[in-house]
Structures are given as C-alpha cells and as structure tokens.
Amino acid sequence: MYTRFTQKALNIIYNIPEGKVLTYGRAAALAGKPNGARQISRLLHSMSRKHDLPWHRIINSKGKISLRPSQGYELQKALLESEGVKFSKSDTIDLKVYLWIKPVQMERPY
DNA sequence: CCACTGACTACTT
DNA sequence: CAAGTAGCCAGTG
C-alpha cells in the first residue's frame, strides 16, 4: 500500500487541468509534504504508465522540464505545447501564467 | 533495519 | 547565470 502522501499526490496530479502545470514542490506541498518534491518525481516515473497520469504537467521550480533530451524531454514538451503551454526561447514555461493554483475544496477521489 | 537512489529545492559561491 | 551543497523522504533491495 501507498502512504497517505502518495495517494494525495496522485489525486492532485489527476486534477491538474489541461494547459496548466505544477512544480514538483507545489504538488508535494499540496499533498502535505512541503519537502517531498523528490517523491513526486518517483511517483510519476513508476506509476504514470499504469495509472495513466498526466505526468507531463509536472515541471521543476525553475519552470523548465527536468527530463533529459532523449529521455522524454521532447515528448513532454510536445504534449504541453499541444495543450497550449508556451515555451520561451530558453525552453522555460512562465509559471506566473501556467502554474495551476488549486481551488480549495475540489477533489475528485482517486 | 540500514543504505542507496532520485524527472527536486533553496541557498551560497 | 552556472555550479556546488546540504536537506529532503518514500520506495526498493
């Protein structure tokens, strides 16, 4: 079984709307662990396939994709762009525009 | 239980 | 802005 944190994290990730993104840190904080950013990355890595998660909507705090080229970077960028997310010249996403601010009281059960 | 590993972060050089 | 560093903590063996 997974921890409460992990379950909440999955729930959070499911709720990210199209065209919006969350940073690892924000996702972790929303799940109750302000310092659990690294757990988020592992969750995505190990469960995105079986759980059909919108893993591409998670980026790092600098507003950039953390994946390495040829390791999914291009795919993630393409998926985001297809949802309307714009990248700057330096492949950076403007968090002030695209960061998802989770509404209070709205959680779909996982 | 211990050790190790990260798709991380914030801070400091 | 780039590079190094010290915390971070659930999963895995």
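All values below come from the heavy atoms of this structure, side chains included, with hydrogens, waters and symmetry mates left out.
Contact annotation: side chain of A:Gln39 to base of B:dG6, donor-acceptor pair present below 3.5 Å.
The side chain of A:Arg42 has C:dG11 as its nearest neighbour among C:dG11, C:dC8, B:dA7. Nearest nucleotide to the A:Leu44 side chain, out of B:dA7, C:dC9, C:dG11: B:dA7.
Within 4.0 Å of A:Lys33, counting heavy atoms only, lie sugar-phosphate atoms of the nucleic acid but no base atom. If you check every strand for non-hydrogen atoms under 4.0 Å, A:Gly25 touches sugar and phosphate atoms only.
Residue A:Ile93 contributes atom CD1, which lies 13 Å from atom C1' of B:dA7 at whole-angstrom precision. Between the CD1 atom of A:Ile40 and the P atom of C:dC8 there is a distance of 17 Å, given to the nearest Å. For the pair A:Arg68 CZ and B:dG6 C1', the interatomic distance rounds to 11 Å; values are reported in whole Å. Per the geometry, OH belonging to A:Tyr24 stands 18 Å off P belonging to C:dA10, to the nearest Å. The NE2-P distance, from A:His51 to C:dG11, rounds to 11 Å in whole Å.
The side chain of A:Ser41 contributes no N or O atom lying less than 4.0 Å from OP1 or OP2 of B:dC8. At B:dT9, one or more side-chain N or O atoms of A:Ser61 fall inside 4.0 Å of OP1 or OP2 (strictly under the cut-off). Considering only side-chain N and O atoms, A:Ser46 lies nowhere under 4.0 angstrom from the phosphate OP1 or OP2 of C:dG11.
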- request: Go through the steps to decide whether A:Met1 and A:Gln7 satisfy the test side chain to side chain contact (heavy atoms under 4.5 Å, CB included), and finish with yes or no.
  value: CA-CA 9 Å; A:Met1 250 332 238; A:Gln7 294 176 39; 3.7 Å; yes
task: Please lay out, stage by stage, how A:Ile13 and A:Leu44 fare under the test side chain to side chain contact (heavy atoms under 4.5 Å, CB included).
output: CA-CA 9 Å; A:Ile13 294 168; A:Leu44 299 177; 3.7 Å; yes
- prompt: Should A:Leu22 and A:Leu99 be marked as a side chain to side chain contact (heavy atoms under 4.5 Å, CB included) after you check the CA-CA gap, both sets of side-chain angles, and the distance that decides it?
  reply: CA-CA 6 Å; A:Leu22 265 191; A:Leu99 182 65; 4.2 Å; yes
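Looking at which nucleotide of DNA chain C each of A:Leu43 and A:Arg38 is closest to, the 5′-most match is held by A:Arg38.
Within the 3.5 Å criterion, the main-chain N or O of A:Ile58 finds a donor-acceptor partner in the side chain of A:Gln76.
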